[in-house]
Each structure stands twice: as structure tokens, then as C-alpha cells.
Amino acid sequence: DSPPLLFLGIRFFLAGALLLAWAWYRGERIRPSGRELASLLLFAACNHALYLGVSWSAMREVSSGLATIVIGATPIVVALLAVPLLGERLTGRKIAGLLLGFAGMAYIVRNRLGGPLDSAHGTLMLVLALLLISLGTVLYKRIQLAVGSTANIAWQLLLASAMALLWGSSVESWADVHLNLRFAASMLWSVAVVSIAGYTLWFALLRRTDASSASAWFFLTPPLGLVAGWAVLGEPLALADFLGIVPVILGIVLVTRPA
């Protein structure tokens, strides 16, 4: 009921406005300095507007399985970037955990790999999205800002909204946005659960632990997606699908367990 970029822009604006109002109510510092605004603009581009804009656009040209595999490599790329940029140690235990988690995730989506939709252009877009979210994760951890934690997320989303709406308005049509019940339900879920609750939890986790440990939880996306597809869409689940959860859980434990 809406083109992806315009949908993202509206979603980011609503979630950002609500979070900024909440930050103001809590008494957080909500006004960033010029230098902080530049950092927030970088966060907004890497973590939200460009990452989701590019990956959602790529989904038109690739299978869901390939998209899951490529974006699912985020913990590995984050761990590699965190060594030079954050000074984190990439121990043998972490390497084993990352490989186990990725292998389990790949096994879970094995039946969705390949197909006529997978194009080289779409694959390159996914790789770009992977690099953007990985870089954004590490930069958020590296660059400390004085604005409150909720205001930080709010400004990221508001700036991402401006980017997505400008981008969407240039390549998509507002006439294709249909304000019906399905659009409202999708927007409500995306704003309340995915943007406000999801980003709040994600950035809180990222502030409290190292980048590689936080990003290891990305490996849970495929098994949770399978369960959601079964519960909401009635998609079939095979017993073999659950075998991939074992290495995923073991991988997360190895990566996140204190040394």
C-alpha cells in the first residue's frame, strides 16, 4: 500500500517525533550541537536511511534467503571493524561463535537461497547495505554524544526521515501511498514495535556491551522470522529447520560470554 522509501520516511518521522517528545518529557538534553548533529547525520544515514533504503530496494531483485544470508553476516563484519576502530579483541572463542552463528543462520534459510530473482545488481546493493549497518554500529559505539540516549535515537530517525522522504519523492510517487486500514496497521507496528521498541533495545544493548557481542544477536533473526511466519502467515515449519537454532544459540553464547 506504499512504496518502500516513502513508507520508511513516514515511519522514521513518526517514531522520531514521539521519541523526541518522550526525551523532552524525561528532561533529557535534546538539542545537539553542530558537531553532534553531523555525527547524528552519519548515524542516520548508516543505521537507518541508506541501510534500510538500499536493502529494501534490493529485495525487489533478490530472494529473501540471499538477503538474509548477506545481511546476516553483519556480526562478522562488525567484529572485524571493531578491532581497528574500537580496539576490541577478536579471540578464538569469538571467531568460533561467529562462524557457528552464521552457519546455523545459513542452514535455517537454506531452502530460500537461489532463484531467478537473484541479480548481481541486487546482490551488490545488499553488500552495500551490510557495510552501511556494520559501519553505523561501530561508529555509534565509537562516537560519544552529550545528548540523551532517547534524544540520540530520535534525532537519528528524524534525520533519516528527511533523507528517505527526499530520496523517495525523487524516485517514487506519493499517489501510490494508499491510506487504508492495512497501511495504518503496518505503520503502527513499524513505528511502535520495530522503530521505538526495537531501536531503543538495540542501542541500549550496544551502549552496555562491546559491538561484536551486541551484533551477535542478529543471528536470531532467521529463527524468529520462521516462527513469526508460522504464527502470522501460516507458513509450514519443518523439524529440520529447528536444527539450525542449536549452532545459533551456541554461537551467541560463545560471542557474548565474558572472557
Side-chain angles (χ1 to χ4, degrees), residues 1-16 41-75 77-78 105 109 112-137 153 156-180 182-199 202-203 215 218 220-222 224-226 228-229 232-233 235:
D1 294 304
S2 173
L5 295 175
L6 294 177
F7 185 91
L8 278 176
I10 298 169
R11 163 189 154 184
F12 289 153
F13 175 79
L14 293 175
L41 190 63
L42 185 60
F43 298 162
C46 292
N47 290 317
H48 308 288
L50 294 183
Y51 160 58
L52 286 176
V54 169
S55 59
W56 282 24
S57 298
M59 286 294 291
R60 297 170 174 171
E61 303 181 34
V62 299
S63 62
S64 60
L66 180 60
T68 302
I69 289 294
V70 175
I71 301 301
T74 298
V77 179
V78 167
M105 181 198 62
V109 300
R112 298 184 181 183
L113 285 173
L117 290 178
D118 294 342
S119 70
H121 178 258
T123 303
L124 288 175
M125 291 177 70
L126 285 176
V127 172
L128 175 59
L130 165 66
L131 295 176
L132 285 167
I133 186 59
S134 301
L135 181 61
T137 298
I153 303 170
Q156 288 188 55
L157 292 172
L158 289 172
L159 291 170
S161 171
M163 297 180 205
L165 290 175
L166 285 172
W167 183 7
S169 296
S170 65
V171 297
E172 297 171 346
S173 172
W174 283 95
D176 293 328
V177 178
H178 303 293
L179 302 179
N180 51 35
R182 187 165 59 180
F183 174 88
S186 299
M187 185 61 67
L188 179 62
W189 173 267
S190 297
V191 169
V193 179
V194 180
S195 292
I196 294 179
Y199 284 139
W202 164 242
F203 287 114
S215 63
F218 270 69
L220 280 177
T221 302
L224 291 177
L226 283 177
V232 178
L233 303 175
E235 295 179 351

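The structure displayed is predicted, hence computed values, not measured ones.
Listed for the Thr74 side chain is no donor-acceptor partner under 3.5 Å among the backbone atoms of Ser134. Of the possible polar contacts, one joining the Ser161 side chain to the Gly9 backbone as a donor-acceptor pair under 3.5 Å is found.
Here the straight-line distance linking atom CG of Leu130 with atom CG of Leu135 works out to 11.0 Å at 0.5 Å rounding. Distance CG/Leu5 to CG/Leu166: 11.0 Å, rounded to 0.5 Å. Rounded to the nearest 0.5 Å, atoms CG (Leu158) and CG (Leu14) are 10.0 Å apart. From Ile133, atom CD1 reaches atom SG of Cys46 across 8.5 Å, with rounding to the nearest 0.5 Å. If you take CZ on Phe13 and OG on Ser195, they are separated by 13.5 Å, rounding to the nearest 0.5 Å.
Leu50 approaches Leu132 most closely through the heavy-atom pair CB-CD1, 3.7 Å. A pairwise comparison of heavy atoms in Gly168 and Leu6 identifies C-CD2, 3.8 Å as the closest pair. Between Leu8 and Gly53, the closest heavy-atom pair is CD1-N, 3.8 Å. Taking each heavy atom of Asn47 and Tyr51 in turn, the nearest pair found is O-CD2, 3.6 Å. Pairing each heavy atom of Ala49 with each of Ala160, the nearest pair is CB-O, 3.7 Å. When all heavy atoms are compared, the tightest approach of Ser173 to Pro3 is O-CG, 3.8 Å.
Between Thr137 and Trp202, the closest side-chain pair of non-hydrogen atoms falls below 4.5 Å. Within the 4.5 Å cutoff, side-chain heavy atoms of Phe203 are placed close to those of Gln156. Residues Asp176 and Phe7 have side chains not in contact (no heavy-atom distance under 4.5 Å, counting atoms from C-beta outward). Side-chain contact between Glu172 and Pro4: present, with at least one pair of heavy atoms (C-beta onward) separated by less than 4.5 Å. In this structure, Leu52 and Phe12 have side chains that are in contact, with non-hydrogen atoms separated by less than 4.5 Å. Taking 4.5 Å as the limit, some side-chain heavy atom of Leu41 sits within range of a side-chain heavy atom of Met163.
Surrounding NE2 of His178 are more than 12 heavy atoms belonging to other residues, nucleotides or ligands, all under 6.0 Å away. Counting non-hydrogen atoms of other residues, nucleotides and ligands closer than 6.0 Å to CH2 of Trp174 gives a total above 12.
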Start with the C-alpha distance between Phe43 and Leu159, add both sets of side-chain angles, then the distance that settles side-chain contact (heavy atoms from CB on, under 4.5 Å), and finish with yes or no.
-> CA-CA 9 Å; Phe43 298 162; Leu159 291 170; over 6 Å; no
